[in-house]
Amino acid sequence: MTAELFNDITDTSTWQERLGPGSVILRRYAAASDTALLAAIEDAVATAPFRHMQTPGGFTMSAAMSNCGDYGWTADTDGYRYSATDPLNDRAWPAMPETLSELASRAAAAAGFAAFQPDVCLINRYEPGARMSLHQDRDEADLTQPIVSVSLGLPMTFLFGGLRRKERPARIELQHGDVVVWGGEDRLRYHGVAPLKDGEHPLLGRYRINLTLRRAH
DNA sequence: GAGTGGCA
DNA sequence: CGTG
C-alpha cells in the first residue's frame with residue numbers, strides 16, 4: 001500500500017500518512033511533549049510496576065506492561081480482560097495523567113474521531129528482541145471508539161494487517177513521537193510489532209515504550 | 001475456542 | 001531474516 005501524504009506546509013515538523021479509511025499515522029506528533037509523557041509514565045510505573053504477563057497459552061510475553069487509567073488491560077492463563085484493579089496488589093491503577101488523555105484526544109480528533117476520551121492507557125516496554133505477534137484489539141465494549149498508539153524511544157517495525165489474520169501485514173517503520181490512530185472500518189485490523197532491533201535512543205536508551213490509549217467501557 | 005509466542 |  002502506498003501511503004497518501006498530507007503535509008501541512010505551515011508545520012513541517014509533523015505530518016500525516018493515511019493507511020486506510022479509518023487509520024492514520026501522525027508522524028512526530030508526540031515528539032514535542034516527549035519529556036512530559038515520559039515523566040507521566042515514570043509516575044505511573046512507580047505505583048504499578050512493569051511486569052511480564054502470561055498468555056492464556058502459558059507463554060510469557062516479551063514486552064513488559066503496565067497501565068494507568070480507570071481500567072487496565074491484563075493477560076493471564078484465564079484470558080485477556082480489562083480490570084479496574086492491578087492484579088499485583090488489587091488496588092486501582094494509577095490515574096491517567098491529563099498529558100496522556102489530552103494527547104490522545106487531540107490525535108484522535110486530528111485523525112477524524114471526535115470526542116475520544118480514553119479510560120485506559122496500556123504501557124508496553126520493549127527491549128531488543130521483544131515483539132508482539134499479530135492480534136486484534138477487541139476486548140473493548142464500544143468498537144466505534146478508535147485506538148491511539150504512541151511510540152517513544154527506539155524505532156520499530158509496525159505490522160499492520162487486514163481484518164483476517166491470513167492477510168500479510170504492511171511493514172511500517174515508526175519513530176520516536178509517531179502516533180498511529182485506527183478506528184471505523186479499520187478498528188479490528190490485525191497488528192503487531194516485529195522483534196525490536198538493538199540500538200540506543202537519546203532519551204530512552206535501549207528501550208521502546210508504546211502507549212496504547214483505549215476506551216474500554 | 002484460541003488467544004498478543006515459539007519454533008520450523 | 002520473513003513467513004506460517
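By convention in this document, chain letters (A, B, ...) are assigned in the order of the sequence lines, proteins followed by strands, and residues within each chain are numbered from 1. Keep in mind that what you see is a predicted model, and the values were worked out from it rather than measured.
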Peer 1: Output the single nucleotide from B:dA2, B:dT4, B:dG3 whose closest atom is nearest the side chain of A:Met61.
Peer 2: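 Of all the options, the side chain of A:Met61 is nearest to B:dT4.
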Peer 1: Please tell me if the side chains of A:His191 and A:Trp182 come closer than 4.5 Å, counting only heavy atoms from C-beta onward.
Peer 2: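 Heavy-atom side-chain distance check passes, below 4.5 Å.
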Peer 1: Measure the distance from CZ on A:Arg125 to P on B:dT4 and round it to the nearest whole Å.
Peer 2: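 So the CZ-P distance, A:Arg125 to B:dT4, works out to 21 Å.
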Peer 1: What I want to find out is whether A:Arg189 reaches A:Asp137 closely enough, with some N-O distance under 4.0 Å, to be called a salt bridge.
Peer 2: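 Looking at A:Asp137 together with A:Arg189, the answer is no, because their closest N to O distance does not fall below 4.0 Å.
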Peer 1: Let me know the distance between CZ of A:Arg165 and C1' of C:dT3, rounded to the nearest Å.
Peer 2: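 Rounded to whole Å, this separation is 13 Å.
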Peer 1: Just distance, no hydrogens or angles: give the donor-acceptor pairs under 3.5 Å from side chains in residues 53-64 of chain A, sequence neighbours left out.
Peer 2:
unit_1  : atom_1 : unit_2   : atom_2 : d
A:Gln54 : OE1    : A:Thr60  : OG1    : 2.8
A:Gln54 : NE2    : A:Gly58  : O      : 3.3
A:Thr55 : OG1    : A:Gly57  : N      : 3.3
A:Thr55 : OG1    : A:Gly58  : N      : 3.4
A:Thr55 : OG1    : A:Phe59  : N      : 3.1
A:Ser62 : OG     : A:Arg131 : N      : 3.0
A:Ser62 : OG     : A:Arg131 : O      : 3.0

Peer 1: In whole angstrom, give me the gap between the P atoms of B:dG5 and B:dG1.
Peer 2: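 About 23 Å, rounded to a whole number of Å.
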Peer 1: Give each stem of DNA chain B as a range with a range, requiring at least 3 consecutive Watson-Crick or G-U wobble pairs whose two distances are under 3.5 Å.
Peer 2: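 Stem segments: none to report.
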Peer 1: Taking atom CD of A:Gln136 as the centre, report whether more than 12 heavy atoms of other residues, nucleotides or ligands fall under 6.0 Å from it.
Peer 2: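 Buried by this count: over 12 neighbours within 6.0 Å.
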Peer 1: Any base atoms under 4.0 Å from A:Arg81, or only sugar-phosphate, or nothing? Heavy atoms, all strands.
Peer 2: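 Counting heavy atoms under 4.0 Å across all strands, no contact is made by A:Arg81.
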Peer 1: Once you round it to whole Å, what is the distance between P of C:dG4 and CG of A:Leu159?
Peer 2: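 Rounded to the whole Å, the gap is 12 Å.
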Peer 1: Is the count of non-hydrogen atoms from other residues, nucleotides or ligands lying under 6.0 Å from A:Arg206 atom CZ greater than 12?
Peer 2: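 No, the 6.0 Å shell around CZ holds no more than 12 heavy atoms from other groups.
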Peer 1: Once you round it to whole Å, what is the distance between C1' of C:dG2 and CZ of A:Arg168?
Peer 2: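 Atom-to-atom, A:Arg168 to C:dG2, this comes out as 9 Å.
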Peer 1: For A:Leu134 and C:dG2, what is the distance between atoms CG and P respectively, to the nearest whole Å?
Peer 2: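 These atoms are roughly 14 Å apart.
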Peer 1: Compare side-chain N and O positions of A:Arg171 against OP1 and OP2 of C:dT3 and report whether any pair is under 4.0 Å apart.
Peer 2: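 For C:dT3, OP1/OP2 do have a side-chain N/O of A:Arg171 under 4.0 Å.
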Peer 1: Taking the six-membered ring for Trp, are A:His217 and A:Tyr82 parallel (under 30°), tilted (30 to 60°) or perpendicular (over 60°)?
Peer 2: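 Rings of A:His217 and A:Tyr82: perpendicular, as their planes differ by over 60°.
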Peer 1: Go through it in stages, so that I can follow the logic: the residues are A:Trp73 and A:Asn67, the test is side chain to side chain donor-acceptor pair (under 3.5 Å), and I'd like the CA-CA distance, side-chain angles, deciding distance and then a yes or no.
Peer 2: CA-CA 7 Å; A:Trp73 186 89; A:Asn67 292 275; over 6 Å; no
Peer 1: Write down the distance between CH2 (A:Trp73) and P (B:dG3), rounded to a whole number of angstrom.
Peer 2: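 Between P of B:dG3 and CH2 of A:Trp73: 14 Å.
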Peer 1: How close or far is atom P of B:dG5 from atom NE2 of A:His52, stated in whole angstroms?
Peer 2: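 Between P of B:dG5 and NE2 of A:His52: 11 Å.
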Peer 1: Under 4.0 angstrom, heavy atoms only, what part of the nucleic acid is A:Asp76 near: base, sugar-phosphate, or nothing?
Peer 2: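 A:Asp76: no heavy atom of the nucleic acid under 4.0 Å.
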Peer 1: Could you go over nucleotides 6-8 of chain B and give all protein N or O partners under 3.5 Å, atom names and distances?
Peer 2:
unit_1 : atom_1 : unit_2   : atom_2 : d
B:dG6  : OP2    : A:Arg131 : NH2    : 3.2

Peer 1: What is the distance, rounded to the nearest whole Å, between atom CD of A:Glu173 and atom P of C:dG2?
Peer 2: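 Those two atoms, CD and P, are 10 Å apart.
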Peer 1: With rounding to the nearest 0.5 Å, note down the distance linking CG in A:Leu38 to CG in A:Leu204.
Peer 2: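 The CG atom of A:Leu38 sits 5.0 Å away from the CG atom of A:Leu204.
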Peer 1: Taking A:Glu167 for its side chain and A:Arg164 for its backbone only, find out whether a donor-acceptor pair lies under 3.5 Å.
Peer 2: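 Side chain of A:Glu167 to backbone of A:Arg164, a donor-acceptor pair under 3.5 Å: yes, one is there.
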